[in-house]
Visitor: 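This is the structure I have questions about; it appears just below.
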Amino acid sequence: IPLRPKMVPYLFGPPASGKSWTVAAIFMGWQPRGGIWTNTSLPGSARDTGASTELSVSRAPLWVMDDLAPSVSRVKAEKEADALGDLIRSIHDENAKKRATRSMGSQKLHSPNALFMVTAENEPSIGSIMSRTAPIRFDADCLYSIEPVETLGERGVQARLVGAFIRWLA
(Lines give C-alpha, C1' and ligand atoms only; values in the text may rest on other atoms or scores of the structure.)
Protein backbone atom coordinates (compact mmCIF):
# COMPACT_ATOMS: atom_id res chain seq x y z
CA ILE A 1 0.00 0.00 0.00
CA PRO A 2 1.70 3.24 -1.05
CA LEU A 3 0.03 5.29 1.71
CA ARG A 4 0.41 4.45 5.36
CA PRO A 5 -3.03 3.88 6.84
CA LYS A 6 -3.79 6.07 9.85
CA MET A 7 -7.23 4.74 10.68
CA VAL A 8 -7.73 1.27 12.06
CA PRO A 9 -10.83 -0.55 10.77
CA TYR A 10 -12.51 -1.92 13.90
CA LEU A 11 -15.05 -4.62 13.03
CA PHE A 12 -17.28 -5.46 15.99
CA GLY A 13 -20.36 -7.51 16.65
CA PRO A 14 -21.59 -10.79 18.08
CA PRO A 15 -19.72 -14.06 17.48
CA ALA A 16 -20.14 -15.65 14.03
CA SER A 17 -21.48 -12.45 12.44
CA GLY A 18 -18.95 -12.34 9.56
CA LYS A 19 -16.16 -10.16 10.93
CA SER A 20 -13.34 -12.65 10.38
CA TRP A 21 -14.85 -13.66 7.03
CA THR A 22 -14.72 -10.02 5.90
CA VAL A 23 -11.09 -9.61 6.99
CA ALA A 24 -10.13 -12.87 5.26
CA ALA A 25 -11.81 -11.70 2.06
CA ILE A 26 -9.85 -8.43 2.18
CA PHE A 27 -6.59 -10.21 2.97
CA MET A 28 -7.03 -12.60 0.02
CA GLY A 29 -5.68 -9.93 -2.31
CA TRP A 30 -2.24 -10.26 -0.70
CA GLN A 31 -1.90 -14.02 -0.40
CA PRO A 32 0.59 -15.59 -2.83
CA ARG A 33 -1.68 -18.59 -3.41
CA GLY A 34 -5.24 -19.47 -2.51
CA GLY A 35 -6.26 -20.86 0.84
CA ILE A 36 -3.65 -19.20 3.06
CA TRP A 37 -6.00 -16.85 4.89
CA THR A 38 -9.55 -17.86 5.70
CA ASN A 39 -12.00 -16.84 8.38
CA THR A 40 -10.52 -19.59 10.59
CA SER A 41 -6.83 -18.93 9.82
CA LEU A 42 -5.92 -15.26 9.94
CA PRO A 43 -2.34 -14.08 10.57
CA GLY A 44 -2.88 -12.43 13.95
CA SER A 45 -4.84 -13.08 17.11
CA ALA A 46 -5.94 -11.07 20.12
CA ARG A 47 -3.98 -13.58 22.21
CA ASP A 48 -0.64 -12.64 20.59
CA THR A 49 1.75 -10.69 22.79
CA GLY A 50 1.96 -6.93 22.38
CA ALA A 51 5.58 -7.14 21.21
CA SER A 52 4.74 -9.81 18.63
CA THR A 53 1.87 -7.73 17.23
CA GLU A 54 4.05 -4.60 17.17
CA LEU A 55 6.74 -6.41 15.17
CA SER A 56 4.19 -7.89 12.78
CA VAL A 57 2.57 -4.49 12.16
CA SER A 58 6.02 -3.09 11.33
CA ARG A 59 6.92 -5.88 8.87
CA ALA A 60 3.73 -6.94 7.08
CA PRO A 61 1.54 -4.96 4.67
CA LEU A 62 -1.60 -6.20 6.47
CA TRP A 63 -2.20 -7.45 9.99
CA VAL A 64 -5.22 -8.29 12.09
CA MET A 65 -5.92 -8.65 15.77
CA ASP A 66 -8.64 -11.24 15.44
CA ASP A 67 -11.24 -12.17 18.03
CA LEU A 68 -10.77 -9.56 20.74
CA ALA A 69 -13.33 -10.78 23.28
CA PRO A 70 -14.30 -9.33 26.64
CA SER A 71 -12.33 -10.74 29.56
CA VAL A 72 -13.87 -11.77 32.86
CA SER A 73 -10.83 -10.36 34.65
CA ARG A 74 -11.09 -6.58 34.98
CA VAL A 75 -7.29 -6.25 35.33
CA LYS A 76 -6.66 -8.35 32.21
CA ALA A 77 -9.32 -6.44 30.23
CA GLU A 78 -7.74 -3.09 31.18
CA LYS A 79 -4.27 -4.34 30.25
CA GLU A 80 -5.49 -5.58 26.83
CA ALA A 81 -7.33 -2.31 26.21
CA ASP A 82 -4.19 -0.31 27.10
CA ALA A 83 -1.98 -2.39 24.77
CA LEU A 84 -4.47 -2.10 21.90
CA GLY A 85 -4.84 1.62 22.55
CA ASP A 86 -1.08 2.15 22.44
CA LEU A 87 -0.82 0.28 19.14
CA ILE A 88 -3.72 2.16 17.56
CA ARG A 89 -2.23 5.51 18.67
CA SER A 90 1.15 4.43 17.29
CA ILE A 91 -0.40 3.62 13.91
CA HIS A 92 -2.47 6.80 13.82
CA ASP A 93 0.42 9.06 14.85
CA GLU A 94 2.98 7.11 12.74
CA ASN A 95 5.22 6.75 15.81
CA ALA A 96 7.16 3.70 16.83
CA LYS A 97 7.40 2.77 20.49
CA LYS A 98 10.83 3.81 21.76
CA ARG A 99 12.75 1.51 24.09
CA ALA A 100 16.11 1.66 25.81
CA THR A 101 18.78 -1.02 25.89
CA ARG A 102 20.33 -2.24 29.13
CA SER A 103 23.16 0.23 28.62
CA MET A 104 20.64 3.07 28.18
CA GLY A 105 21.13 3.24 24.42
CA SER A 106 18.25 3.22 21.94
CA GLN A 107 16.84 0.00 20.54
CA LYS A 108 15.92 -0.27 16.87
CA LEU A 109 12.53 1.29 16.16
CA HIS A 110 9.77 -0.78 14.61
CA SER A 111 7.61 1.79 12.84
CA PRO A 112 4.04 0.68 12.11
CA ASN A 113 3.59 -0.03 8.40
CA ALA A 114 0.62 -2.32 8.04
CA LEU A 115 -3.02 -1.80 7.44
CA PHE A 116 -4.02 -3.00 10.90
CA MET A 117 -7.53 -4.33 11.48
CA VAL A 118 -9.30 -5.44 14.65
CA THR A 119 -12.20 -7.86 15.01
CA ALA A 120 -13.95 -7.72 18.38
CA GLU A 121 -17.19 -8.48 20.12
CA ASN A 122 -17.50 -5.04 21.74
CA GLU A 123 -17.27 -1.55 20.33
CA PRO A 124 -14.25 0.48 21.45
CA SER A 125 -15.19 2.47 24.54
CA ILE A 126 -12.23 4.83 25.02
CA GLY A 127 -12.77 8.18 23.30
CA SER A 128 -9.22 8.64 22.06
CA ILE A 129 -9.29 5.15 20.51
CA MET A 130 -12.71 5.68 18.94
CA SER A 131 -11.42 8.81 17.20
CA ARG A 132 -8.57 6.81 15.62
CA THR A 133 -10.63 3.87 14.37
CA ALA A 134 -13.21 3.31 11.68
CA PRO A 135 -15.83 1.28 13.57
CA ILE A 136 -17.84 -1.15 11.45
CA ARG A 137 -20.79 -2.82 13.20
CA PHE A 138 -21.79 -6.37 12.30
CA ASP A 139 -25.23 -7.51 13.42
CA ALA A 140 -26.11 -11.16 13.90
CA ASP A 141 -26.68 -12.85 10.55
CA CYS A 142 -25.80 -9.68 8.60
CA LEU A 143 -23.82 -11.81 6.12
CA TYR A 144 -26.33 -14.64 6.03
CA SER A 145 -26.09 -16.97 3.02
CA ILE A 146 -22.61 -15.90 1.96
CA GLU A 147 -20.41 -18.34 0.13
CA PRO A 148 -17.25 -19.73 1.72
CA VAL A 149 -14.38 -17.23 1.54
CA GLU A 150 -12.19 -19.80 -0.23
CA THR A 151 -14.43 -19.78 -3.32
CA LEU A 152 -14.08 -16.01 -3.77
CA GLY A 153 -10.46 -16.41 -4.89
CA GLU A 154 -11.46 -18.83 -7.62
CA ARG A 155 -13.55 -16.08 -9.23
CA GLY A 156 -11.08 -13.21 -8.74
CA VAL A 157 -13.32 -11.36 -6.31
CA GLN A 158 -10.44 -10.51 -3.98
CA ALA A 159 -8.92 -7.91 -6.34
CA ARG A 160 -12.21 -6.02 -6.59
CA LEU A 161 -12.80 -6.27 -2.85
CA VAL A 162 -9.30 -5.05 -1.96
CA GLY A 163 -9.63 -2.16 -4.42
CA ALA A 164 -13.00 -1.15 -2.99
CA PHE A 165 -11.66 -1.35 0.56
CA ILE A 166 -8.64 0.85 -0.22
CA ARG A 167 -10.90 3.42 -1.92
CA TRP A 168 -13.17 3.35 1.15
CA LEU A 169 -10.18 3.99 3.43
CA ALA A 170 -8.89 6.91 1.33
Side-chain angles (χ1 to χ4, degrees), residues 1 5-31 34-50 52-54 56-57 60-73 76-92 112-170:
I1 299 174
K6 287 187 164 202
M7 294 297 282
V8 173
Y10 195 102
L11 292 70
F12 68 96
S17 58
K19 303 175 300 286
S20 296
W21 184 94
T22 302
V23 171
I26 292 166
F27 276 32
M28 285 178 67
W30 275 270
Q31 64 186 1
I36 293 175
W37 291 323
T38 67
N39 57 317
T40 58
S41 66
L42 288 168
S45 166
R47 301 296 157 237
D48 294 344
T49 65
S52 170
T53 302
E54 184 181 328
S56 298
V57 168
L62 298 166
W63 202 255
V64 64
M65 181 181 280
D66 189 37
D67 202 20
L68 182 64
S71 177
V72 291
S73 166
K76 184 178 178 187
E78 287 175 357
K79 185 178 176 183
E80 287 175 350
D82 284 346
L84 177 60
D86 288 346
L87 184 57
I88 289 173
R89 283 185 197 91
S90 176
I91 290 167
H92 183 270
N113 246 353
L115 166 60
F116 180 62
M117 303 177 80
V118 177
T119 67
E121 291 183 15
N122 294 334
E123 187 173 6
S125 57
I126 301 168
S128 65
I129 298 305
M130 291 174 65
S131 67
R132 291 169 170 88
T133 61
I136 304 168
R137 177 187 301 275
F138 281 72
D139 294 322
D141 298 325
C142 71
L143 296 180
Y144 182 75
S145 75
I146 55 173
E147 62 185 289
V149 73
E150 296 84 0
T151 62
L152 295 179
E154 296 168 7
R155 296 187 295 123
V157 172
Q158 70 275 19
R160 292 192 305 274
L161 185 60
V162 167
F165 185 73
I166 290 172
R167 283 191 298 279
W168 175 79
L169 277 177

Visitor: Does P43 reach the side chain of V64, with side-chain heavy atoms less than 4.5 Å apart?
Guide: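 They are in contact (side-chain heavy atoms under 4.5 Å apart), so the answer is yes.
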Visitor: Measure the CH2-OG distance between W37 and S20 for me, rounded to the nearest 0.5 Å.
Guide: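 Those atoms lie 14.0 Å apart.
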Visitor: With sequence neighbours excluded, what pairs up with D86 under the side chain to side chain contact (heavy atoms under 4.5 Å, CB included) test?
Guide: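 By the side chain to side chain contact (heavy atoms under 4.5 Å, CB included) rule, D86 matches R89, K97.
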Visitor: If you take all heavy atoms of G85 and I129, which pair is closest and at what distance?
Guide: CA-CD1, 3.2 Å
Visitor: Assess whether side-chain contact (heavy atoms from CB on, under 4.5 Å) is satisfied between F116 and T53, documenting all intermediate values.
Guide: CA-CA 10 Å; F116 180 62; T53 302; 4.1 Å; yes
Visitor: Suppose we screen for ring-ring contact (aromatic ring centres under 6.0 Å, His included). Which residues come up paired with Y10, at least two apart in sequence or across chains?
Guide: none
Visitor: Look up atom CD1 in I26 and atom CH2 in W21, then write down how far apart they are to the nearest 0.5 Å.
Guide: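 That separation rounds to 9.5 Å.
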Visitor: How far apart are the closest heavy atoms of I36 and S41, and which atoms are they?
Guide: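 Nearest heavy atoms, I36 then S41: O-OG, 3.3 Å.
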Visitor: How close do K76 and S71 get, heavy atom to heavy atom, and via which atoms?
Guide: CD-OG, 3.6 Å
Visitor: Please list all pairs passing the salt bridge (charged side-chain N to carboxylate O under 4.0 Å, His left out) test where one or both residues lie in residues 116-131, with sequence neighbours left out.
Guide: E123-R137
Visitor: List the residues meeting side chain to side chain contact (heavy atoms under 4.5 Å, CB included) with E78, not counting sequence neighbours, and say none if there are none.
Guide: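 Once residues adjacent in sequence are excluded, the partners of E78 under the side chain to side chain contact (heavy atoms under 4.5 Å, CB included) criterion are R74.
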Visitor: Looking at every heavy atom in both A140 and P14, which two are closest together, and how far apart are they?
Guide: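 Answer, listing the atom of A140 first, then P14: N-CG, 3.7 Å.
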Visitor: Can you sort out the partners of S125 under side chain to side chain contact (heavy atoms under 4.5 Å, CB included), two or more places apart, ordered by chain and number?
Guide: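 S125 satisfies side chain to side chain contact (heavy atoms under 4.5 Å, CB included) with no other residue.
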Visitor: For the residue pair F138 and T22, establish whether any side-chain heavy-atom pair is separated by less than 4.5 Å.
Guide: yes
Visitor: Going by heavy atoms in the side chains, are V57 and I91 under 4.5 Å from each other?
Guide: yes
Visitor: Which value, rounded to the nearest 0.5 Å, describes the distance between K19 atom NZ and D66 atom CG?
Guide: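 The NZ atom of K19 sits 8.5 Å away from the CG atom of D66.
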Visitor: How many angstroms lie between atom CG of N113 and atom CH2 of W63, to the nearest 0.5 angstrom?
Guide: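 Output value for this atom pair is 13.5 Å.
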Visitor: Taking atom CE of M7 and atom NE2 of H92, what is their separation to the nearest 0.5 Å?
Guide: 6.0 Å
Visitor: Taking side chain to side chain contact (heavy atoms under 4.5 Å, CB included) as the test, write out the residues that go with S90, two or more places apart.
Guide: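 S90 satisfies side chain to side chain contact (heavy atoms under 4.5 Å, CB included) with P112 only.
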Visitor: Of all the heavy-atom pairs spanning T119 and D67, show the shortest one and how long it is.
Guide: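 That closest heavy-atom pairing would be OG1-N, 2.7 Å.
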Visitor: For the atom pair CG (L11) and CG (L68), what is the distance rounded to the nearest 0.5 Å?
Guide: 12.0 Å
